[in-house]
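What you see is a predicted model; the values in this text were computed from it and never measured. Below, chain A is the first sequence line, B the second, and so on; all start at residue 1. Worth knowing before you read on, the calculation uses all heavy atoms, side chains too, and leaves out hydrogens, waters and symmetry mates.
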Amino acid sequence: DLVVPNLSYRTGPYAPGGVPYADGFQDYFTLLNERDGGIGGEIVQVPECETAYNTEKGVECYEATKGNNALAFNPLSTGITYQLIPKVTSDGSTLYTPGYGRTSASNGKVFSNVFNYPANYWTAASVAINYLLAENGGDLKGKKIALVYHNSSYGKEPIRTLEELSKKHGFELVQLPVEHPGQEQKSQWLQIRREKPDNVIMYGWGVMNAVAIQEAANIRYPMDQFIGIWWSGADHDVLPAGDGADGYKSLAMHGTGMDYPVYADMKKYVSDAGKGAGAGDQVGGVLYSRGMYAAMIIAEALRTAQEIAGTSQVTPAQVRDGFENLEITEERMEELGLPDFGQAFKATCEDHGGPGKARIQQWDATAKTWTLISGWIEPDMDVIQPLILEDSEAYAAENNIEHRCN
Amino acid sequence: MMPDTFFFAAEVMVNGLMAGIMYSLVALGFVLIFKASGIFNYAQGVLALFAALTLVGLQDGQIPFSHVINAIFGTDLHHFGWTLPAIVAIALTALVMVGMAIVIERYILKHLVNQEPIILFMATIGLAYFLEGFGDVLWGSDIKKLDVGLPQGVSETIENVTYNWFGYGFFIDKLDIVAALVAAALVIALTLFSQYTKYGRALRAVADDHQAALSVGISLRFIWVLVWSIAGFVALVAGIMWGSKSGVQFSLSLIALKALPVLMLGGFTSIPGAIVGGLIIGMGEKLFEFAIGPMIGGATENWFAYVLALLFLVFRPQGLFGEKIIERV
Amino acid sequence: MFYREAGDFKTTYSEDSQTFPIKFDRIRYYAVLAVAFGIIPFFINDYWANAVFVPFLIYAIAAIGLNILVGYCGQLSLGTGGFMAVGAYAVYKLMTAFPEVSIFIHVILAGGITAGVGVLFGLPSLRIKGFYLAVATLAAQFFLVWLFNKVPWFYNYSASGQISAPERDILGIVITGPDTTAAAKYLFCAVMLLLVAWLARNLTRGTIGRKWMAIRDMDIAAEIIGVNPLRAKLSAFAVSSFFIGIAGALFFAVYLGAAEVGESFGIQKSFLILFMVIIGGLGSIFGSLAGAAFLVLLPVFLKNVLVGGLGWPTDLAAHIELMIIGALIIIFLIAEPHGIAQLWRLAKEKLRLWPFPH
Amino acid sequence: MNIQNPDGYTTADGREIGGVMMEMKNITLRFGGVAAITDISFDIREGEIRAIIGPNGAGKSSMLNVISGFYVPQEGEVWFHGSRRPPMKPYQVAAQGIARTFQNIALFEGMTVLDNIMTGRLTQMKSGMLAQALWWGKAQAEETAHREKVEKVIDFLEIQHIRKTPVGRLPYGLKKRVELARALAAEPKLLLLDEPMAGMNVEEKEDMSRFILDVNDEFGTTIALIEHDMGVVMDLSDRVVVMDYGKKIGDGTPDEVRNNQAVIDAYLGVSHD
Amino acid sequence: MLDAPQTSDTLLDVNNIEVIYNHVILVLKGVSLTVPKGRITALLGGNGAGKTTTLKAISNLLHSERGEVTKGSISLKGKNIANRDPAEMVRNGVIQVMEGRHCFEHLTIEENLLTGAYTRTDGAGATAADLEMVYNYFPRLRERRKSQAGYTSGGEQQMCAMGRALMSRPEMILLDEPSMGLAPQLVEQIFEIVKAVNANEGVTFLLAEQNTNVALRYAHTGYILESGRVVMEGTAQELRENPDVKEFYLGMSDKGRRSFRDVRSYRRRKRWLA
Ligand SMILES: Nc1ncnc2c1ncn2[C@@H]1O[C@H](COP(=O)(O)OP(=O)(O)OP(=O)(O)O)[C@@H](O)[C@H]1O
Ligand SMILES: Nc1ncnc2c1ncn2[C@@H]1O[C@H](COP(=O)(O)OP(=O)(O)OP(=O)(O)O)[C@@H](O)[C@H]1O
Ligand SMILES: [Mg+2]
Ligand SMILES: [Mg+2]
């Protein structure tokens with residue numbers, strides 16, 4: 001058997017985000033087990049462990065699950081990720097943090113056991129700006145862009161990138177931190193009402209998203225000028241604001257909705273068979289899709305590892321190699337029943353971060369659906385790459401890490 | 001530029017006052033229970049969450065414990081298939097809160113008569129843990145939309161009127177206006193109750209000395225059920241207001257933290273104090289964030305509220321309207 | 001008649017004021033020490049260290065610290081998380097600025113720095129009392145968290161504001177960083193706890209402890225019989241923060257290895273440690289340990305039983321776990337409001353009589 | 001009515017009383033509208049037992065609180081050992097050798113009897129915090145030395161058997177005795193007792209009287225005492241101040257006071273013998 | 001032994017009760033007493049004898065102190081009252097004035113008095129009349145009626161506690177050390193009031209008192225408690241004349257009252273404890 005623990009959170013302030021993600025993650029492996037008999041003939045076990053988005057419980061879960069030869073960890077929490085980075089590196093297992101975690105971990109020379117492809121916080125910021133550039137005919141000079149962010153290490157991630165980009169493109173950046181949990185944002189939105197920024201970018205999580213969108217609607221901020229990162233673009237973020245949320249945009253790392261062939265199998269082997277995780281009411285939602293996407297990539301990495309190692313019962317070290325040699329192509333996604341679901345990418349020893357592309361989706365309040373309104377947008381790697389280098393080098397220096405891949 | 005800044009500051013201030021009222025709604029519940037029993041009720045926030053969850057659950061006809069039932073029996077139950085009118089659901093929820101008050105009295109408070117305040121405080125923490133888990137088991141932990149038909153969004157009337165007067169349209173959220181009206185009504189009613197009825201007097205007597213209250217024949221059990229019911233109702237009101245704003249989910253229970261400085265500033269025992277404290281805190285933190293926040297990096301509201309309360313307390317250690325702490329030997 | 005204290009006579013006053021005046025207690029205490037230092041280190045693995053022992057030891061240190069302030073001196077504090085953060089960031093700055101100095105010294109210094117901060121935030125306690133005092137400590141809590149989040153100097157200008165502990169050692173034994181062995185972590189924390197408990201015990205049984213308790217029980221009377229309230233309260237804040245700072249330093253450097261201030265040292269931490277102190281027993285060192293054990297072990301235990309043993313879904317288990325912990329807290333308080341320590345004392349009193357009812 | 005001899009006098013039973021130790025000059029104390037003490041002057045002499053009596057609410061306890069520095073009078077001066085006492089915090093007053101008991105027992109309920117009495121010696125303890133933390137020789141030696149003193153007091157008041165009992169569990173009378181022990185442990189020059197015998201039966205009052213007399217006799221401690229039991233007051237005290245509604249209505253030897261008409265009207269009702 | 005009560009009804013009957021605090025501290029070791037209706041019964045005894053505990057056992061306030069009646073029974077008018085709510089006891093006409101006053105500090109004197117009328121249902125008029133009555137008994141309270149009780153002197157608080165109990169129009173008052181801390185005049189006055197209330201309104205009193213002298217002058221019968229046991233009982237007259245009582249509780253020697261100055265020379269032993 002292969003063991004991929006699911007460090008999830010179904011309680012606490014961030015449970016509404018954690019639940020669908022965990023469901024999607026779990027269901028995808030269930031699908032593989034039920035339909036294909038696992039991966040390479042090995043059943044995948046997904047022991048779930050509740051972290052409550054709490055770093056200590058995260059450590060406990062890690063220790064509790066790692067013993068059974070756990071192959072990859074995906075804790076869906078930046079705080080837990082930071083703690084696990086040294087631990088997995090020392091224990092030789094793998095941390096997979098798509099779209100979250102430590103951005104500079106995409107530098108494989110320094111972070112041997114951490115992977116965060118296909119996109120991360122910094123590329124997200126850059127994609128958003130590139131999208132706005134495209135919208136504005138390639139020119140953001142003199143524009144004012146506000147960043148509303150969760151005042152935690154997660155929310156602060158894009159600041160450096162956006163500052164660099166504002167220098168490059170000549171827009172003005174207004175920073176508006178929101179304190180956890182973000183129930184009360186009056187002053188931030190009054191400020192937005194006053195400053196009338198041309199666009200608002202949001203890095204939020206948990207209840208902060210819903211309140212921000214509600215407040216934006218309250219001050220009648222034009223929703224189509226309001227873009228959230230992919231963590232601020234779930235159904236439960238927009239639903240509470242009702243019609244007011246119509247037109248709200250968010251980044252998307254992957255597709256959403258039930259229009260993928262995989263759902264036919266999902267229905268047949270998982271939900272109809274009564275094997276669905278959780279209450280089963282999250283299927284097809286944004287965060288469910290993301291959990292499924294993460295599971296899919298991990299599954300593919302396991303498959304790659306099996307191919308390289310020539311054995312089905314792979315070890316954590318072999319799985320790490322699988323991650324490092326993973327290639328996801330359009331065709332492969334098609335085969336998996338997820339055509340055009342995510343971006344194609346190929347990992348290398350140096351590059352654990354992927355191309356960092358994203359699409360834009362927009363909320364339709366009457367139909368209550370997200371619609372993809374753009375193709376894959378490239379981030380501005382010229383700006384991001386030096387930042388990644390700088391941060392990872394600092395880490396390497398502080399911890400006496402030797403560079404790999406030479 | 002100058003008058004614009006002035007108007008904007010005024011707008012921030014007015015909105016601060018409004019936000020303060022939202023805090024006061026939560027603080028009121030604390031005050032009631034403190035007044036009646038000297039208990040600092042840590043569970044007040046969770047109570048609001050629980051009330052809101054129950055309200056939504058009843059309104060949408062959710063099947064209680066469906067989550068557990070489904071897990072055990074492999075069924076797929078979710079809804080009864082009805083939706084109740086808001087007013088009925090609110091009334092039913094209020095009843096549930098009364099039931100809960102009875103249960104709390106019966107299983108917790110009754111056994112802790114005459115204990116030190118910190119012990120009672122701890123018991124309410126236990127209660128908070130329990131209710132948090134129970135609410136989730138009962139109604140599930142997903143985010144829920146609460147809609148009892150309260151208006152939301154900018155009030156156009158005020159915006160237009162102020163625009164005509166000052167050339168600057170003020171932003172005031174309609175929900176905040178409703179909250180202010182409800183809060184005013186609650187405060188008047190509760191003040192009358194505690195000041196002019198014999199139960200009000202009994203309530204204050206209980207807070208001073210449990211045993212002496214017992215000795216004159218005040219039934220602690222009745223008083224506690226009464227006051228926890230009222231506090232439950234206040235929690236429901238707070239839950240409705242905050243839930244309408246942000247949906248009903250766990251974070252709702254964290255609003256208690258916003259109510260703490262309000263409570264301390266106003267005084268633990270004063271109902272009007274909860275409102276005045278709320279106004280001061282709301283206005284103070286918003287203005288500070290507006291004027292000083294940008295210079296020091298923002299997100300100052302949480303700590304500034306406490307620092308503001310602290311400043312007041314240094315001058316009046318019992319809070320603005322709290323009862324004087326009697327120091328004698 | 002298991003528990004004897006009759007026939008245990010003392011001939012000097014210093015013998016009478018020793019920590020375990022009763023021989024039976026003394027023997028048991030040495031037995032615990034022998035197990036803690038002689039047996040556990042040889043059997044401990046990563047899971048037991050990281051999930052159970054290390055957090056327990058560190059929380060016990062913090063709980064002793066808070067107990068000095070709340071349990072002995074009667075000053076309610078909800079700033080523990082913030083003070084732990086001071087310890088954590090102090091040790092981080094020291095570790096990165098002076099890599100060659102022993103981590104032991106850093107931890108102690110971090111405690112010292114926290115003591116200073118604690119005194120500063122303790123000043124309002126002169127005027128503000130009871131639950132109202134909580135506001136001062138809450139102000140400390142929120143302000144400190146905000147400060148460490150906002151000022152990049154504290155986290156060495158790292159991109160996200162997270163701090164992570166580099167590898168440091170004592171006499172060549174690695175204590176922090178990913179390659180630390182379970183036994184090293186455990187032993188370091190255990191030694192620190194022993195040290196802290198010993199200091200706390202000495203302080204609380206002597207003059208200064210009596211001053212604190214006098215202030216706690218009746219501050220006015222204490223002042224009238226000659227206790228300077230300013231000095232007494234501030235010294236309690238200092239000592240308490242010193243221990244809490246040590247706990248914070250260990251929590252970050254040894255236990256978590258990386259930390260983000262709002263998440264690791266938020267208000268929830270303050271509450272958690274206060275719960276430990278109250279459940280364990282206010283004004284009791286043993287109670288601090290018992291409370292920490294209760295609140296660290298119980299969730300792990302319940303989780304293992306409900307998820308591991310009974311195979312419940314994790315979310316249901318987590319919710320039920322909350323309910324059980326809540327219910328247990330209430331049951332405990334009803335059974336004995338003065339905490340586990342008092343329960344233990346009463347049990348001893350009963351044992352003394354046993355098997356005779358009276 | 002005051003005894004005019006500035007250098008002390010000899011009591012009826014032949015004891016020598018010294019000069020003025022403490023003098024209250026024109027003390028006035030108000031709480032908002034309530035005048036608790038109005039323009040009261042009296043003195044306390046070295047070695048005497050001075051009683052303060054008066055109806056309930058007369059301001060007796062308030063007067064002791066003024067002496068302790070807990071209440072600051074609006075007007076008037078306190079003279080101690082011949083010089084005017086500057087405004088002081090209560091703990092500074094305690095350090096000058098003034099100890100007291102309280103009307104509503106103010107023991108530290110969470111501590112044992114022994115610890116309570118040890119707090120009486122706090123003003124004399126010198127060792128620093130670090131020394132105590134490490135329980136170094138000096139701290140330990142000091143602790144033992146003070147413990148010896150305290151044990152003497154415990155023996156003296158005959159409360160050996162409850163040494164290790166938490167005071168919360170003691171009956172009222174014993175609490176009063178422990179409170180006296182705490183005050184005595186400070187080895188005060190001036191001992192203030194606020195109704196030390198309230199709530200006691202005759203037997204216990206006799207015990208208490210014995211202690212008070214012995215303290216006064218053996219250690220030469222000056223005692224100021226408030227008491228409602230006229231038997232006790234008249235038997236024990238050398239001089240008596242009588243207060244009524246915050247005013248002084250009499251001052252003198254027990255005999256003088258007993259026969260003072262104003263005192264009889266306001267307080268005694270019938271003349272006691 | 002008791003002559004008078006035999007004829008009148010027994011209001012309260014305490015039958016061999018044992019009380020344990022905190023599950024370990026045994027305080028009452030079998031106390032029995034009867035309180036005849038319409039009479040004043042005194043409960044005497046030294047410190048820690050168990051007087052307060054007995055009263056609390058009757059008013060059912062023990063629970064709130066973690067105490068428990070483990071043996072024996074208490075009946076009021078023939079009905080067992082174990083496990084009754086204290087509030088119910090008040091409604092049944094039994095109210096306790098607690099030792100150490102226990103006024104509601106933050107309430108004014110008048111509000112304190114009014115809480116005494118909490119269980120009454122006979123209307124505001126009757127309450128107001130009784131308030132007037134209490135003020136007439138204790139004029140000092142009228143003066144201070146707007147002050148918070150926490151700021152009044154000890155004696156004023158004692159009056160307030162007494163007055164508060166009277167406000168409930170009780171059938172029986174359990175009075176715990178009413179004389180403690182009161183000026184002599186006031187002690188007489190309070191006992192006069194007790195006597196008057198007893199005579200005029202027929203209220204029964206059970207009073208725990210240290211001041212044996214006064215108590216035995218006003219009570220009809222008395223019990224003497226030592227270390228949780230009843231060691232002597234009888235009419236007030238009998239007790240007053242008992243040589244032991246004289247010696248230990250009244251402070252009388254053969255030559256009249258002993259001076260407190262003369263006590264230092266000897267220690268006594270009570271015969272029944274020897
Ligand atoms: N809550 C309690 N917990 C433990 N022991 C108690 C408690 N209350 C009283 N006691 C003990 O019970 C015994 C009897 O106390 P009680 O108060 O009934 O005496 P009493 O006769 O009223 O004395 P006093 O005249 O001093 O008031 C005492 O020894 C006391 O220590
Ligand atoms: N802190 C205070 N605030 C307001 N009033 C006070 C305060 N302290 C005392 N008083 C008032 O001052 C007056 C005198 O009180 P004090 O306690 O000195 O009386 P006392 O002579 O000791 O009476 P008792 O014999 O009843 O103890 C009382 O009327 C009391 O209410
Ligand atoms: Mg007095
Ligand atoms: Mg008593």
The criterion is ring-ring contact (aromatic ring centres under 6.0 Å, His included); which residues satisfy it with Phe56(C), sequence neighbours excluded?
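Partners of Phe56(C) under the ring-ring contact (aromatic ring centres under 6.0 Å, His included) test: none.
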
Cut-off 4.5 Å, heavy atoms of chain A, and the answer for Ala49(C) is neither

Which atoms of Pro177(A) come close to chain C, meaning under 4.5 Å heavy atom to heavy atom: side chain ones, backbone ones, both, or neither?
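Contact with chain C: side chain only.
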
Using non-hydrogen atoms only, which part of Ala64(A) is less than 4.5 Å away from chain C: side chain, backbone, both, or neither?
both

Donor-acceptor pairs under 3.5 Å, chain C versus chain A:
residue   : atom : partner   : partner atom : Å
Asp46(C)  : OD2  : Lys66(A)  : NZ           : 2.7
Tyr47(C)  : OH   : Glu60(A)  : OE2          : 2.8
Asn50(C)  : ND2  : Glu63(A)  : OE2          : 2.4
Tyr59(C)  : OH   : Glu56(A)  : OE1          : 2.3
Tyr59(C)  : OH   : Glu56(A)  : OE2          : 3.2
Tyr92(C)  : OH   : Glu398(A) : OE2          : 3.4
Asn149(C) : O    : Lys156(A) : NZ           : 2.6
Asn149(C) : OD1  : Lys156(A) : NZ           : 2.5
Asn149(C) : ND2  : Asn151(A) : O            : 3.0
Asn149(C) : ND2  : Asn151(A) : OD1          : 3.2
Ser160(C) : OG   : Tyr82(A)  : OH           : 2.7
Gln162(C) : NE2  : Ser153(A) : OG           : 3.1
Pro178(C) : O    : Ser90(A)  : OG           : 3.3
Asp179(C) : OD1  : Ser90(A)  : OG           : 3.1
Ala258(C) : O    : Gln83(A)  : NE2          : 3.2
Glu260(C) : OE1  : Ser153(A) : OG           : 2.9
Glu260(C) : OE2  : Ser153(A) : N            : 2.8
Glu260(C) : OE2  : Ser153(A) : OG           : 3.3
Glu263(C) : OE1  : Thr55(A)  : N            : 3.2
Glu263(C) : OE1  : Thr55(A)  : OG1          : 2.7
Lys269(C) : NZ   : Glu56(A)  : OE2          : 2.0
Lys303(C) : NZ   : Glu50(A)  : O            : 3.2
Lys303(C) : NZ   : Glu60(A)  : OE1          : 3.0
Thr314(C) : OG1  : Glu48(A)  : OE2          : 3.2

Residue selection (most heavy-atom pairs with chain A, distance under 4.5 Å) from Pro166(C), Pro178(C), Ala318(C)
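It is Pro178(C).
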
